[in-house]
Amino acid sequence: LFRSVVLTISEGCDPVNRLFYCDLDQLAQGINGLLPYVKLVDNFDAEYEYIANNGSLFTFKTNLNSPQYKLINVDIENPEMKNWRDLVKEHEKDVLSWAACVKDNYLVLCYLHDVKSVLYLHDLESGARLMTFPLEIGTICGFSGRRKLTEVFYHFTSFLTPGIIYHCDLTKKTLEPTIFRETKVKGFDPSKFETTQAFYPSKDGTLIPMFVVQKKGLVFDGSHPCYLYGYGGFNISITPSFSTSRLIFIQNMGGVLAIPNIRGGGRVGSWGACPSFIVDSV
């Protein structure tokens, strides 16, 4: 058992922090004053988030030389940066949103892939991917799981789904998530609607993703009202979410919802832009 305290110190709103730790096993007389922290990282060059540790080998999520984030292993008994090793390398396109250690030596990793959530199970020791959790186009907006427990819960939402909590028992040989609880809206049948994702080129040729939500079978003939919403600024991505007002527009007015993930939102660049609202016909 390795007992320690990890301290992160932030400055402003940028994704950077300092990283200190204290080995509690070195305090023979217990805690009786200020903790003798060791400065593992004493600058604001990157962000570090503690995920888990096996003894002195610590796993952190970081954006150090990796703007899409990755997982690294740091042995605090040999803490020099030259000894740091990648556990899960940075993805070339997808952003690692968060990571959690569950059931002893499993890692649950949530990525943002084309502005929608994808969920994976990895091995803590090797970093190898073990499985992909089945998900439709949507967003993971909540998660519950701990290293000492054998099950996980995750909350999923989308343009057509108010909320589903899935449960997965990690002791099973075949891991199959099941619905634990589902929120339904009276009078709304999601099977009559569909969400698709299209890609269009920016001025420099970069492909920009756009969500499109409409009734199934709707023909784009120029007679349907379109609600187009886009936001690009402060590295904030507009992920799928449920809205009754938008669905009233789609269901009762034959409308089409279009949400382009424009530049500045984090998916294809973080430079700023302004929100825009446009109404047209498709």
Side-chain angles (χ1 to χ4, degrees), residues 1-8 17 19-27 31 35 37-38 40-41 46-64 66 68-79 83-91 94-113 117-135 139-156 164-181:
L1 180 65
F2 188 91
R3 300 184 307 146
S4 62
V5 174
V6 176
L7 175 68
T8 57
N17 61 263
L19 181 64
F20 300 171
Y21 74 92
C22 177
D23 183 356
L24 296 181
D25 291 329
Q26 300 297 319
L27 305 180
I31 300 174
L35 293 177
Y37 280 104
V38 176
L40 187 62
V41 177
E47 181 180 18
Y48 303 88
E49 178 186 348
Y50 170 81
I51 303 301
N53 72 286
N54 284 326
S56 64
L57 188 64
F58 280 61
T59 300
F60 295 98
K61 170 178 168 277
T62 182
N63 58 359
L64 178 66
S66 304
Q68 311 292 71
Y69 287 87
K70 63 182 178 180
L71 296 184
I72 62 171
N73 280 342
V74 178
D75 188 341
I76 61 175
E77 293 183 350
N78 297 284
N83 297 321
W84 297 6
R85 296 291 181 267
D86 288 350
L87 177 63
V88 178
K89 293 184 179 296
E90 176 192 28
H91 194 278
D94 299 348
V95 178
L96 177 57
S97 301
W98 53 262
C101 185
V102 298
K103 194 187 177 295
D104 298 325
N105 288 312
Y106 284 155
L107 288 169
V108 176
L109 272 55
C110 183
Y111 284 85
L112 197 63
H113 170 71
S117 294
V118 290
L119 203 62
Y120 302 116
L121 188 70
H122 284 243
D123 178 71
L124 175 62
E125 293 186 4
S126 67
R129 182 173 298 172
L130 303 176
M131 71 165 287
T132 301
F133 291 88
L135 288 176
T139 305
I140 298 294
C141 56
F143 176 82
S144 178
R146 302 182 68 179
R147 190 170 188 178
K148 65 180 181 180
L149 301 179
T150 60
E151 57 186 355
V152 297
F153 298 84
Y154 52 96
H155 187 188
F156 172 84
I164 300 177
I165 298 176
Y166 288 98
H167 167 260
C168 187
D169 185 349
L170 299 177
T171 63
K172 299 292 182 65
K173 185 176 182 180
T174 301
L175 301 181
E176 296 181 354
T178 58
I179 295 177
F180 177 74
R181 181 168 296 176

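Computation of the quantities below employed the complete heavy-atom set of this structure, encompassing side-chain atoms and omitting hydrogens, waters and symmetry-equivalent molecules. Since this is a predicted model, take the numbers as computed values, not measurements.
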Modelled atom types, side-chain donor and acceptor of Thr59 and Asn73, under 3.5 Å: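 Yes, side-chain donor-acceptor contact under 3.5 Å.
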Could you tell me if Glu47 and Tyr69 have a donor-acceptor pair between their side chains, going purely by distance under 3.5 Å?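 Yes - a donor-acceptor pair under 3.5 Å links their side chains.
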Nearest atoms (heavy-atom pairs only) where [X] meets [Y]:
X      : Y      : value
Asp75  : Ser56  : OD1-OG, 2.8 Å
Cys22  : Leu27  : SG-CD1, 4.5 Å
Leu87  : Ser126 : CD1-C, 3.7 Å
Phe20  : Val41  : CE2-O, 3.7 Å
Val102 : Val108 : CG2-CG2, 3.8 Å

Straight-line distance of Thr62 OG1 to Leu96 CG, nearest 0.5 Å: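 Reported to 0.5 Å precision, the distance equals 10.5 Å.
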What class does the angle between the rings of Phe143 and Trp98 fall in, given that below 30° is parallel, 30 to 60° is tilted and above 60° is perpendicular?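 Rings of Phe143 and Trp98: tilted, 30 to 60°.
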Aromatic rings His122 and Tyr120: how do their planes relate, parallel, tilted or perpendicular, breaks at 30° and 60°?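 Perpendicular.
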Can you tell me if Phe133 has over 12 outside heavy atoms packed within less than 6.0 Å of its CZ?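 Result for CZ/Phe133: enclosed.
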Exceeds 12 heavy-atom contacts within 6.0 angstrom, atom CZ of Phe180: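 No, the 6.0 Å shell around CZ holds no more than 12 heavy atoms from other groups.
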Could I get the full list of salt bridge (Lys or Arg N to Asp or Glu O under 4.0 Å) partners for Glu90, not counting sequence neighbours?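 Applying salt bridge (Lys or Arg N to Asp or Glu O under 4.0 Å) to Glu90 gives none.
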Has [X] got a side-chain atom pairing as donor or acceptor with [Y]'s backbone, closer than 3.5 angstrom?
X      : Y      : result
Asp94  : His113 : no
Asp86  : Val88  : no
Arg147 : Asp104 : yes
His155 : Ile165 : no

Please assess Leu107 against Cys101 for the test side chain to side chain contact (heavy atoms under 4.5 Å, CB included), listing each intermediate value before the final yes or no. CA-CA 5 Å; Leu107 288 169; Cys101 185; 4.1 Å; yes
Residue list, ring pair (Phe, Tyr, Trp, His ring centres under 6.0 Å) with Tyr21, at least two apart or on another chain: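 Per chain and number, Tyr21 pairs via ring pair (Phe, Tyr, Trp, His ring centres under 6.0 Å) with no residue.
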